Amino acid sequence: MQVKNYDANLHLESCTRIWREVSWLPDWAAGVAAMERYFSDNPCLVVEIDGVAEGMSVAVPGTIRHLGSGIPFLAVTSVTVGNAGRKRGLGTLVTGEATARGASEGCLVAGLGIFEQGYYNRLGYGNGPYNRIVTFCPSDLPRDLPYPDRVCRLGSENLDEVFSNICDRMPCHGQAALGKSFYDAELQWESKFIGLGCRNAEGLLTHHLWYSPSGERGPHRVAWLCYRNGPELLELLGLIRSLGDQVDLMMMEEPPHIQFQDLMRTPMRSMRMLAGEGKRVGIRSVSYTQARILDLPGVLGKTSLSCDEVAFNLSIHDPVSALISGSYGWKGCAGDYTVVLGPECAAEPGHTRGLETMEAGIGAFTRLWLGVRQPSVLALTDEVKAPGALLQRLDNVLRLPEPRFNCDF
Ligand SMILES: CC(C)(COP(=O)(O)OP(=O)(O)OC[C@H]1O[C@@H](n2cnc3c(N)ncnc32)[C@H](O)[C@@H]1OP(=O)(O)O)[C@@H](O)C(=O)NCCC(=O)NCCS
């Protein structure tokens, strides 16, 4: 099986068929042109059977924020295999090769959305933080939320300003920022998407939301809320509240900067309420995004922690090398390192005599670095082994804020 770069002349028809078979385009008429651009404008790989593309992956470069640092990032935004090519390793191969290609082009961390836990763990990915999906009645939000003076409508023709607003978002630890090509597609997948925003006196788009309505009463699904500060976030929630005379339910990922339950007037009673079949009000947590470090010295060279230094030996296992061709010259992160965590973090090849040693899978170490869970917790449930004293010291050092990707890649 050979992986190739996507070439529209050769692969458009077969790749379009793959997407038809997996039903990934919610609105074919509206989204097909965006889909074609999405294949062409991003690193897209295909794998052929008998000269016909049966598997494909699309990846979008960007950055991921670790505390105050921006780190080159690759989101593998889609992995799809045609119905005639399943269970032959195509999906695994195109994901592994997309990851390797990103690493060879300087991305230091990669992330992706999962269909199930385990599949991408085989390529060294580890679970990200919980995504908290809030389903709520807009009219249950407080009456005193501010409502914007003026609301403007946004559509795919506003891509430039929508993207520029997204680039200015209020930051949070773990936030992923992807390139414009990602939003070009997001704005066009569905004709029914509705964008609403607010401008300042100079006409600059300052905050907006993008959502997909469902019928008259909802649940409407908010794809994202984009704001530069807390007051703008509250104004967007006020805007959502204003829909509550008509819309019974909205769904969205909890904004990273608030605990959404604080805003619900009767969260317990609402949780017990059924608004209709499959429409339960409440907050559901699941981790459907994973990440992995691609270059350990590169990532730690860009990491700074406000703590006393801790040095230790680290032996990393990385299963990816067995599942990729190696043609991009990247074979994963497996090996022995001496790691220093502190204001200037570092990873040097080789162990240092006298230091305690941690053994970890690269996915588990990524979770530790990102702050998904403390090292001592990962030692219970993931691939982390270390002496208790070292785990305790690392627990003290890695007191990171809850990471949030804040991007549905
Ligand atoms: C998901 C998808 C890409 C898989 O493609 P595929 O080429 O059939 O998968 P592969 O042959 O590479 O891998 C299958 C193997 O992975 C392993 N695997 C699958 N799920 C796994 C899991 N949850 N945990 C561990 N291993 C798993 C198994 O070994 C499996 O083979 P087996 O069932 O014969 O033992 C394909 O089903 C698809 O396109 N689905 C629709 C779109 C989609 O959901 N894409 C993924 C988005 S995140």
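Whatever order the structure lists them in is the order used to number ligands and atoms, beginning at 1. Because the structure is predicted, anything quoted here is derived from the model rather than measured.
Of the listed residues (Trp210, Phe409, Trp224), just one forms a ring-ring contact (aromatic ring centres under 6.0 Å, His included) with Tyr183, and that residue is Trp224.
Residues satisfying the side-chain contact (heavy atoms from CB on, under 4.5 Å) criterion with Pro171, sequence neighbours excluded, are Arg65. The side-chain contact (heavy atoms from CB on, under 4.5 Å) check on Ala322 picks up nothing, with sequence neighbours excluded.
Applying the side-chain hydrogen bond (donor to acceptor under 3.5 Å, both in side chains) rule to pairs touching residues 45-54 yields Lys4-Glu48, His11-Glu48, sequence neighbours excluded.
Enumerated by chain and number, the residues approaching ligand 1 to less than 4.0 Å through a heavy atom are Val22, Trp24, Val79, Thr80, Val81, Arg86, Lys87, Arg88, Gly89, Leu90, Gly91, Thr92, Gly113, Ile114, Phe115, Glu116, Gln117, Gly118, Tyr119, Tyr120, Arg122.
Aromatic ring centres of Trp19 and Phe39: separated by under 6.0 Å.
Here the side chains of Val222 and His220 are not in contact, with every heavy-atom distance at 4.5 Å or above.
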